[in-house]
Amino acid sequence: MHLAIIGSGYVGLVTGACFADVGHNVICVDNDPRKVESLQAGKVPIYEPGLEEVIHRNVSAKRLRFTGSIKDGVENSEVIFIAVPTPQQPDGSVDLSFIEKVAREIAGVLTEYRVIVDKSTVPVKTGEKVAESIKRYNRHGAKFDVVSNPEFLREGCAVGDLMKPDRIVIGAQSEHAIDLMKKVYEPFMAPILVTDINSAELIKHAANSFLALKISYINAVSAICEASGADVEKVADGIGMDRRIGRNFLNAGIGYGGSCFPKDIAAFITISEQLGVPFHLLKEVQRINAGQKERFLKRIRDTLWVLREKKIAVWGLTFKPDTDDIRSSVAIDLVADMLREGAHVAVYDPKGSEKARAVRELASATFAASAMEAVEGAEALVIATEWSEFANVDLTAVKQAMHTAIVFDGRNLFDPATMRQVGFEYHSIGRERVASS
Ligand SMILES: NC(=O)c1ccc[n+]([C@@H]2O[C@H](COP(=O)([O-])OP(=O)(O)OC[C@H]3O[C@@H](n4cnc5c(N)ncnc54)[C@H](O)[C@@H]3O)[C@@H](O)[C@H]2O)c1
């Protein structure tokens, strides 16, 4: 099939590459000329494991190309996916101006029947607005259908998630559009759930909110574990072995971040309020999440006493491992907080440093070239992202390189018993505190 994806970011680019990999002809459109130029030159602007290979393979096979022109995409495709940003506004609601602009632009160049699919995460009832907008600006009176097809990929394993999805959600009204969408997804051999458009849109916000709720739940439990001397990992294992609950998303830490969870939970709260059925539970999810970082910072302050002039190493800047994405990363906030308090912070991240260098709040941080360089002479080490590179370091060498061997592990990357053996003072989330030997 001939497909276009408008917006070639974390979602659009991976989706386009994977669609091409199963045999479709794909045009990826973006309005950032530098991004398009770089992709046309064979350079992939984001880090996502395995993505570069899939892109190169499909560009060589002439199934994938890049353009800055929506007209090109619309004219040469049967199905057009929209994967542009839907950022959070200061009041928590979703900024739909990117979606609205793309809908208008598509309408302006629509000359024959097309299926227009919203893949971006949007509030319920956005499909209706997109259809209205296209109808209004549809100069040639071409027929079209609007479909909602939310995306559930996780950054860091997006290619795998795209190729082997748990489910495909198709929200549509027209049988013809449903048939075309089934044809698009047939090669993936995944379960397909067909719903109305509103339900499909709501599924995405409800799913992300539920996952965030699981994280906040275990984080709240972690505080009780610390107060009572229980071990949150054991508690999570015990809860997670129940198949009705499952162990995923029960890792205690310094809270969720990233470009999706914070904004999607805020959006769902706003949507529920606008609909007159406020979802109070989600406010508590947000409150617990913000509290985790504050509790962690308090522990750092309580231990180090004064942060001013302390040399603190931070491992991890991205919101999760295996990505270069630092959007709404708790790690970045943590570093900014410590810098504000006058600490000398040396940071290291395997893939996120380049993007982090552009963050104004981090201007006075030192960017180390390796995890070992960051800890040289440090009075404390903070682990903010659970990269496997950190789990595999030589802990004895780390201890020797540090000025005072104190570790604050915000992701429970290490085992307290190992840290005791090496001789660290070790603080983690919801587990026993290891005093220095
Ligand atoms: N990142 C994720 O893990 C993830 C997962 C599921 C859903 N989503 C949702 O998918 C959507 C896109 O997220 P993302 O992370 O890919 O964003 P992104 O910022 O990485 O990519 C969006 C791209 O759209 C382009 N763009 C903006 N306006 C455009 C226009 N008018 N015409 C053409 N291109 C335009 C931007 O230049 C950018 O390259 C959001 O709604 C997000 O909530 C994201």
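Atoms within each ligand, like the ligands themselves, are counted from 1 in listed order. Just so you know, these numbers use all the heavy atoms, side chains as well, and skip hydrogens, waters and symmetry mates. As the structure is a prediction and not an experimental result, all values here were calculated from the model.
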Colleague: What atoms of ligand 1 come closer than 4.0 angstrom to any heavy atom of I6?
Modeller: 32 (N), 33 (C)
Colleague: If you apply the rule side-chain contact (heavy atoms from CB on, under 4.5 Å), what do you find for M163 with V22, and how did you get there?
Modeller: CA-CA 9 Å; M163 296 308 282; V22 296; 3.7 Å; yes
Colleague: Tell me the contacting part of L153 for ligand 1: side chain, backbone, both, or neither, using a 4.0 Å heavy-atom threshold, strictly below.
Modeller: both
Colleague: Does NZ or CZ of K214 fall inside the cone over F249's six-membered ring, less than 6.0 Å from its centre and within 45° of the axis?
Modeller: no
Colleague: Out of all atoms in ligand 1, which are within 4.0 Å of some heavy atom of Y10? Include the element for each.
Modeller: 1 (N), 15 (O), 16 (O), 20 (O)
Colleague: Distance check, rounded to the nearest 0.5 Å: E155 atom CD versus K320 atom NZ?
Modeller: 7.0 Å
Colleague: How far is atom 26 (N) of ligand 1 from its nearest protein heavy atom, and which residue and atom name does that atom have?
Modeller: N31 OD1, 3.4 Å
Colleague: When you measure from the centre of the six-membered ring of F319, is the NZ or CZ of R327 closer than 6.0 Å and no more than 45° off the axis?
Modeller: no
Colleague: Could you check atom 8 (N) of ligand 1 against the protein and tell me its nearest heavy-atom contact, residue, atom and distance included?
Modeller: V11 CG2, 3.5 Å
Colleague: Tell me whether the rings of H427 and F408 are parallel (<30°), tilted (30 to 60°) or perpendicular (>60°).
Modeller: parallel
Colleague: Is a side-chain donor or acceptor of D349 paired with a backbone partner of L317 at a separation under 3.5 angstrom?
Modeller: yes
Colleague: Taking the inter-plane angle between the rings of F19 and F81 on a 0 to 90° scale, is it parallel (under 30°), tilted (30 to 60°) or perpendicular (over 60°)?
Modeller: tilted
Colleague: Starting from atom 37 (O) of ligand 1, locate the nearest protein heavy atom and write down its residue, its atom name and how far away it is, to 0.1 Å.
Modeller: D30 OD1, 2.6 Å
Colleague: Could you list which atoms of ligand 1 come closer than 4.0 Å to a heavy atom of S259?
Modeller: 1 (N)
Colleague: Using a 4.0 Å cut-off to any heavy atom of K35, which atoms of ligand 1 qualify?
Modeller: 38 (C), 39 (O)
Colleague: Under 4.0 Å from a heavy atom of V102: give me the atoms of ligand 1 that qualify, with their elements.
Modeller: 30 (C), 31 (N)
Colleague: Tell me which protein heavy atom sits closest to atom 11 (C) of ligand 1, plus the residue, atom name and distance to 0.1 Å.
Modeller: V84 O, 3.4 Å
Colleague: Under a 4.0 angstrom heavy-atom cut-off, which atoms of ligand 1 come close to F98?
Modeller: 27 (C), 28 (N)
Colleague: Is the distance from the ring center of F279 to that of F268 below 6.0 Å?
Modeller: yes
Colleague: Among all the protein's non-hydrogen atoms, which is closest to atom 18 (P) of ligand 1, and how far away is it?
Modeller: R327 NH1, 3.8 Å
Colleague: Could you check I6, T86, V11 and say which one makes a side chain to side chain contact (heavy atoms under 4.5 Å, CB included) with S120?
Modeller: T86
Colleague: Nearest to atom 2 (C) of ligand 1, what protein heavy atom do you find, and at what distance?
Modeller: E155 OE2, 3.4 Å
Colleague: For K263, is at least one N or O under 3.5 Å away from an N or O on ligand 1?
Modeller: yes
Colleague: Does any N/O atom on K204 come nearer than 3.5 Å to any N/O atom on ligand 1?
Modeller: no
Colleague: Within the structure, does D32 bring an N/O atom to less than 3.5 angstrom of an N/O atom in ligand 1?
Modeller: no
Colleague: What protein heavy atom is closest to atom 24 (O) of ligand 1, reported as residue, atom name and distance in Å?
Modeller: G7 CA, 3.3 Å
Colleague: Is it the case that the side chains of D145 and S174 hold a donor-acceptor pair, with the cut-off being a distance below 3.5 Å and no angle test?
Modeller: yes
Colleague: Could you check, using the six-membered ring where one of them is a Trp, whether W315 and Y348 have ring centers closer than 6.0 angstrom?
Modeller: no
Colleague: Of the protein's non-hydrogen atoms, which lies at the shortest distance from atom 40 (C) of ligand 1, and what is that distance?
Modeller: T86 OG1, 3.5 Å
Colleague: To the nearest 0.5 Å, what is the distance between CD on E386 and CG on N251?
Modeller: 7.5 Å
Colleague: Give yes or no for whether the N/O distance cutoff of 3.5 Å, strictly under, is met between E151 and ligand 1.
Modeller: no
Colleague: Mind checking whether C260 contacts ligand 1 via backbone (N, CA, C, O), side chain (CB onward), both or neither, at a 4.0 Å heavy-atom cut-off?
Modeller: side chain
